[in-house]
Number of protein chains: 2
Amino acid sequence: MTSSNPIVDALDAAGYRLTGPRRAVADLIAGYDGHFTAAELEAAAREHRVGVSRATLFRALELLTELHVVERLDLPGGEHAYVPCVRAHHHHLVCSRCGRVAEVEDCGLAEIVAEIARRSGYRIESHRLELFGLCRHCQAKAAPGA
Amino acid sequence: MTSSNPIVDALDAAGYRLTGPRRAVADLIAGYDGHFTAAELEAAAREHRVGVSRATLFRALELLTELHVVERLDLPGGEHAYVPCVRAHHHHLVCSRCGRVAEVEDCGLAEIVAEIARRSGYRIESHRLELFGLCRHCQAKAAPGA
DNA sequence: CTGACTATTGAGACCTGATCTCGACAAGCA
DNA sequence: TGCTTGTCGAGATCAGGTCTCAATAGTCAG
Ligand SMILES: [Zn+2]
Ligand SMILES: [Zn+2]
Ligand SMILES: [Zn+2]
Ligand SMILES: [Zn+2]
């Protein structure tokens, strides 16, 4: 298989060069279905013997964030994490135990935002909703007897 | 006037010592009605000739955040800012030009969150909604001819 | 009011996360 | 194949924040 990595595709479509480090980072990221930190990604790169310098890794994250194939999360504790992502506007539901992330569409939030704009007089340009909780799997593990 | 600073009151009510540095930080924070960064607060302290070390300043911010009289915001650009705050659960509407912050109550969000929980199977424990836009004042300045 | 007890402070080392600089390198194209 | 120029790596540097530990100062019992 010639990778068929959507992250690589996005890079290509946007006209960026498909370099070794970028492919490596894209492949590593595609392997996550929860969030990951820059440090974890760095460790994973080292473990897989792919040479990616710190600077390049952050450059790749920045680039992918601009292309909306990765998004940066602010966890409740204040840490930053990244999440592989679809391009459309949506929000994230993060399991605070295992880090698994579910994508959530707006489902009615837009109306609320409009109402807030009306009441406050602000012109609202963007919003961010982050939800934290326990995924089904972690609920089961957390309350085995209940 | 004996200050009557609600931040100081909160500290007192929670049983913390009312020290000089803490009062100074509380007074500085009470002076903001928009958000401020730790660096700005540090500069303000220096300017007002109140001696508060960096460590103490951050310790105070942490403490006040725990007491819910200050909240930490994650701005779209990734910077962290702090906002003087009321204790009840609510969200922030931030002017991306002048930094002015309006408090927004849930107004229907709880239902949406419940719906998301139902669909996803996650048990949602907390959420964070941040809204960014232009306040009325900055709208006027931004589009004077329109 | 005084002294003691302990929370709090300050100075500075340190840490993590991220950005910048700049010469070397290589992807993409003719 | 050979250029052109985008990208890379190494390491300095920065920002935001935490930690250590001896010194200081609230608070309160006496
Ligand atoms: Zn997403
Ligand atoms: Zn989970
Ligand atoms: Zn608030
Ligand atoms: Zn404004």
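So that the names make sense, note that chain A is the first sequence line, chain B the second, and so on, each numbered from 1.
- Of the residues in residues 42-57 of chain B, B/Arg54, B/Ala55 come within less than 4.0 Å of DNA chain D through at least one heavy atom, sorted by number.
- Within residues 58-71 of chain B, the residues that have a heavy atom under 4.0 Å from DNA chain D are, in order of number, B/Phe58, B/Arg59.
- When the side chain to side chain contact (heavy atoms under 4.5 Å, CB included) test is applied to B/Glu71, the partners found at least two apart in sequence or on another chain are B/Cys85, B/His90, B/His92.
- Between the CG atom of B/Asp74 and the C1' atom of C/dA18 there is a distance of 15 Å, given to the nearest Å.
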Next on the checklist: Walk me through whether A/His80 and A/Leu73 qualify under side chain to side chain contact (heavy atoms under 4.5 Å, CB included).
Outcome noted: CA-CA 6 Å; A/His80 288 169; A/Leu73 287 182; over 6 Å; no
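- For the side chain to side chain donor-acceptor pair (under 3.5 Å) with B/His91, the lone residue among B/Glu103, B/His127, B/Glu130 that qualifies is B/His127.
- Residue pairs meeting the salt bridge (Lys or Arg N to Asp or Glu O under 4.0 Å) criterion with at least one partner in residues 75-94 of chain B, sequence neighbours excluded, do not occur; the list is empty.
- Whole-Å rounding puts the B/Leu75 CG to D/dA15 P distance at 17 Å.
- Using a 4.0 Å cut-off between charged nitrogen and carboxylate oxygen, A/Arg49 and A/Glu47 do not count as a salt-bridge pair.
- Salt-bridge annotation for A/Arg72 and A/Glu62: absent, with no side-chain N of the basic residue lying under 4.0 Å from a carboxylate O of the acidic one.
- In the hydrophobic clustering, B/Leu109 connects to A/Leu93, A/Val104, A/Leu109, A/Ile112, A/Val113, A/Ile116, A/Tyr122, A/Ile124, A/Leu129, A/Leu131, B/Leu93, B/Val104, B/Ile112, B/Val113, B/Ile116, B/Tyr122, B/Ile124, B/Leu129, B/Leu131, either directly or through intervening members, whenever side-chain heavy atoms lie under 4.5 Å apart.
- Between A/Ala26 and A/Val8 the shortest heavy-atom distance is CB-CG2, 3.7 Å.
- Distance CD (A/Glu40) to P (C/dT16): 14 Å, rounded to an integer number of Å.
- The pair A/Arg17-A/Asp12 does not meet the salt-bridge criterion, since no charged nitrogen lies less than 4.0 angstrom from a carboxylate oxygen.
- Residue B/Leu41 contributes atom CG, which lies 14 Å from atom C1' of D/dG17 at whole-angstrom precision.
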Quick one: which protein N/O atoms are closer than 3.5 Å to N/O atoms of nucleotides 28-30 of chain C? Pair and distance per line, please.
residue : atom : partner : partner atom : Å
C/dG28  : OP1  : A/Leu18 : N            : 3.0

